[in-house]
Student: 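Pasting in a structure now, in structure tokens, and then I'll have a few things to ask.
What you see below is based on every heavy atom in this structure, not just the backbone, and it leaves out hydrogens, waters and symmetry mates. As the structure lists them, so they are numbered: ligands from 1, and atoms in each ligand from 1.
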Amino acid sequence: EKGGYDHFMIKEIFEQPRSIADSMRGRLRAADLHLQLGGLDSYLDKLACAERIIIVGCGTSWHAGLVAEYLFEELARINVEVEYASEFRYRNPVIRENDMVIAISQSGETADTLAAIELAKSRGASIFGVCNVVGSSIARATHAGAYTHAGPEIGVASTKAFTAQVTVLTLIAIAVARKKNTITEESYRQLLTALEAMPGKVEKVFEHASRIKEIAYIFTYARNFIYLGRGLNFPVALEGALKLKEISYIHAEGYPAAEMKHGPIALIDEDMPVVFLATRDSSYEKIVSNIQEVKARKGRVIAIVTEGDTLIPEMVDFVIEVPEVHESLTPLVSVIPLQLLSYYIAVMRGRNVDQPRNLAKSVTVE
Ligand code: M6R
């Protein structure tokens with residue numbers, strides 16, 4: 001059932017080219033500019049008119065929500081709030097008539113997310129679900145939705161569900177943007193074409209798996225890790241830190257790279273591994289100076305860079321390359337090395353990767 005792999009997690013990591021393709025299947029055809037999500041039809045107008053989108057979720061699903069925040073704002077010019085379901089539900093949130101709620105959940109059974117949906121519903125909000133498990137409680141509780149179609153995810157650490165969530169949320173953001181005319185037909189075409197190419201791009205990251213394993217070996221006994229990124233790579237930094245924490249039990253923190261100087265930089269010394277998401281995008285120059293700040297304090301830097309980068313490899317201790325992609329799609333490739341890094345470190349530490357201590361696949365307690 002593990003298809004020859006040692007763990008479900010690694011099987012699911014390597015499945016991502018296919019699961020990403022599955023999450024777009026029948027929904028996207030760049031050749032004739034076709035983009036349609038069945039469940040979205042009746043909600044497209046509502047989303048296009050929304051004054052605000054409130055996204056709720058927990059854990060990795062909340063990280064996918066943060067990626068979606070950047071995309072909805074950038075492409076569709078809609079104001080977005082991303083909320084931890086557990087915080088949202090216990091506040092007295094302001095939900096206005098033209099607000100739309102998007103709930104994200106792999107399992108569709110997360111108690112806090114379900115409760116947040118019920119609360120938003122009781123205040124008259126329309127809820128759109130992005131779930132992986134068909135027929136799950138959250139899928140049934142929402143007014144409409146789009147499944148992620150990543151297939152069953154068994155490893156407790158979410159991997160292919162995250163990339164499928166990001167893919168589906170990207171499709172939605174693009175569809176809404178087109179509807180609102182906030183992107184040109186040319187950028188629409190470019191985005192659709194770039195999305196179609198994503199499974200192949202993810203496949204290319206796997207060429208570096210043995211290098212990532214070597215790096216993991218070097219850092220197996222690290223006690224702390226910091227992950228830094230900017231823009232769309234900030235949620236990826238959070239996701240990388242969460243992956244490492246939950247399966248290797250190494251303390252890890254994700255931060256927006258620019259926040260370093262407001263405190264966390266005090267942690268940097270020669271024993272501190274720092275993972276930088278440093279792909280060539282609009283934050284590239286800023287990230288380069290953040291790397292310099294960390295190197296000046298002797299931090300050990302692992303940088304995720306775009307193929308062919310010659311500047312950063314000169315500055316840092318280790319690099320892992322990812323292929324160049326459309327900037328809006330960066331998280332789909334930059335998260336892959338982080339999943340692999342945490343997997344290999346956890347395996348080398350002898351951890352129970354698929355079922356880490358204290359964790360369950362569906363968190364049905366409040
Ligand atoms: O099933 P859900 O997406 O609602 O689950 C939310 C979180 O419990 C989940 O993402 C958790 O953080 C994962 N173990 C992360 O890998």
Student: Near A157, which atoms of ligand 1 are under 4.0 Å from a heavy atom of that residue?
Tutor: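 Contacts of ligand 1 toward A157, numbered from 1: 16 (O).
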Student: Can you tell me which residue among E285, K261, R230, E259 is in a side-chain hydrogen bond (donor to acceptor under 3.5 Å, both in side chains) with N290?
Tutor: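 Option passing the side-chain hydrogen bond (donor to acceptor under 3.5 Å, both in side chains) with N290: R230.
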Student: Heavy atom under 4.0 Å from ligand 1: found in K243's side chain, backbone, both, or neither?
Tutor: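 Under 4.0 Å from ligand 1, K243 contributes side-chain atoms alone.
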Student: Which residue and non-hydrogen atom of the protein lie closest to atom 4 (O) of ligand 1, and at what distance in Å?
Tutor: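 Among all protein heavy atoms, the one nearest atom 4 (O) of ligand 1 is T110 OG1, 2.4 Å.
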Student: Show the atoms of ligand 1 that are less than 4.0 angstrom away from any heavy atom in S61.
Tutor: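 Taking each heavy atom of S61 in turn, ligand 1 has 2 (P), 3 (O), 10 (O) under 4.0 Å.
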Student: Does the side chain of E327 come under 3.5 Å of the side chain of S282 through a donor N or O and an acceptor N or O?
Tutor: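 Their side chains do contain a donor-acceptor pair, which is all the 3.5 Å distance test asks for.
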Student: At under 4.0 Å between heavy atoms, is it the side chain or the backbone of E246 that contacts ligand 1, or both, or neither?
Tutor: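 Side chain only.
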Student: Can you find an N or O of Q106 that's nearer than 3.5 Å to an N or O of ligand 1?
Tutor: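 Indeed, backbone or side chain, Q106 has an N or O that close.
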Student: Before giving the answer on side-chain contact (heavy atoms from CB on, under 4.5 Å), spell out for T182 and V176 the whole-Å C-alpha distance, their side-chain angles and the decisive distance to 0.1 Å.
Tutor: CA-CA 9 Å; T182 46; V176 175; over 6 Å; no
Student: Compute the shortest N/O to N/O distance between S107 and ligand 1 and return yes if it is under 3.5 Å, no if not.
Tutor: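 N/O-N/O distance below 3.5 Å exists for this pair.
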Student: Considering only non-hydrogen protein atoms, determine which one is nearest to atom 8 (O) of ligand 1 and report residue, atom name and distance to 0.1 Å.
Tutor: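 Among all protein heavy atoms, the one nearest atom 8 (O) of ligand 1 is V363 CG2, 3.8 Å.
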Student: Are K11 and E15 close enough for a salt bridge, meaning some N to O gap below 4.0 Å?
Tutor: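 Yes.
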Student: For Y343 and H7, take the angle between the two ring planes, folded into 0 to 90°, and tell me which bin it lands in: parallel under 30, tilted 30 to 60, perpendicular over 60.
Tutor: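 Taking H7 first and then Y343, their aromatic rings stand perpendicular (interplane angle over 60°).
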Student: Among L195, V168, T163, V166, find the residue that satisfies the side chain to side chain contact (heavy atoms under 4.5 Å, CB included) test when tested with I20.
Tutor: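 The single option meeting the side chain to side chain contact (heavy atoms under 4.5 Å, CB included) with I20 is T163.
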Student: Using heavy atoms and a 4.0 Å limit, tell me yes or no: is C58 in contact with ligand 1?
Tutor: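 Distance cut 4.0 Å: C58 passes for ligand 1.
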Student: Angle class for the F219/F318 ring planes (parallel below 30°, perpendicular above 60°, tilted otherwise)?
Tutor: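 Taking F318 first and then F219, their aromatic rings stand perpendicular (interplane angle over 60°).
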Student: Say whether I154 and Y5 are linked into one hydrophobic cluster, either directly or through other cluster members, by side-chain heavy-atom distances under 4.5 angstrom.
Tutor: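 Hydrophobic grouping puts I154 apart from Y5.
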Student: Closest non-hydrogen protein atom to atom 9 (C) of ligand 1, residue and atom name please, with distance?
Tutor: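 Nearest protein contact, heavy atoms only, for atom 9 (C) of ligand 1 is T60 N, 4.0 Å.
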Student: Would you check the N or O atoms of G108, main chain and side chain alike, for any that come under 3.5 Å of an N or O of ligand 1?
Tutor: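 In this structure, G108 places no N or O atom under 3.5 Å from an N or O of ligand 1.
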Student: Looking at atom 12 (O) of ligand 1, what's its closest protein heavy atom, distance included?
Tutor: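 Residue, atom and distance for the closest contact: G59 CA, 3.3 Å.
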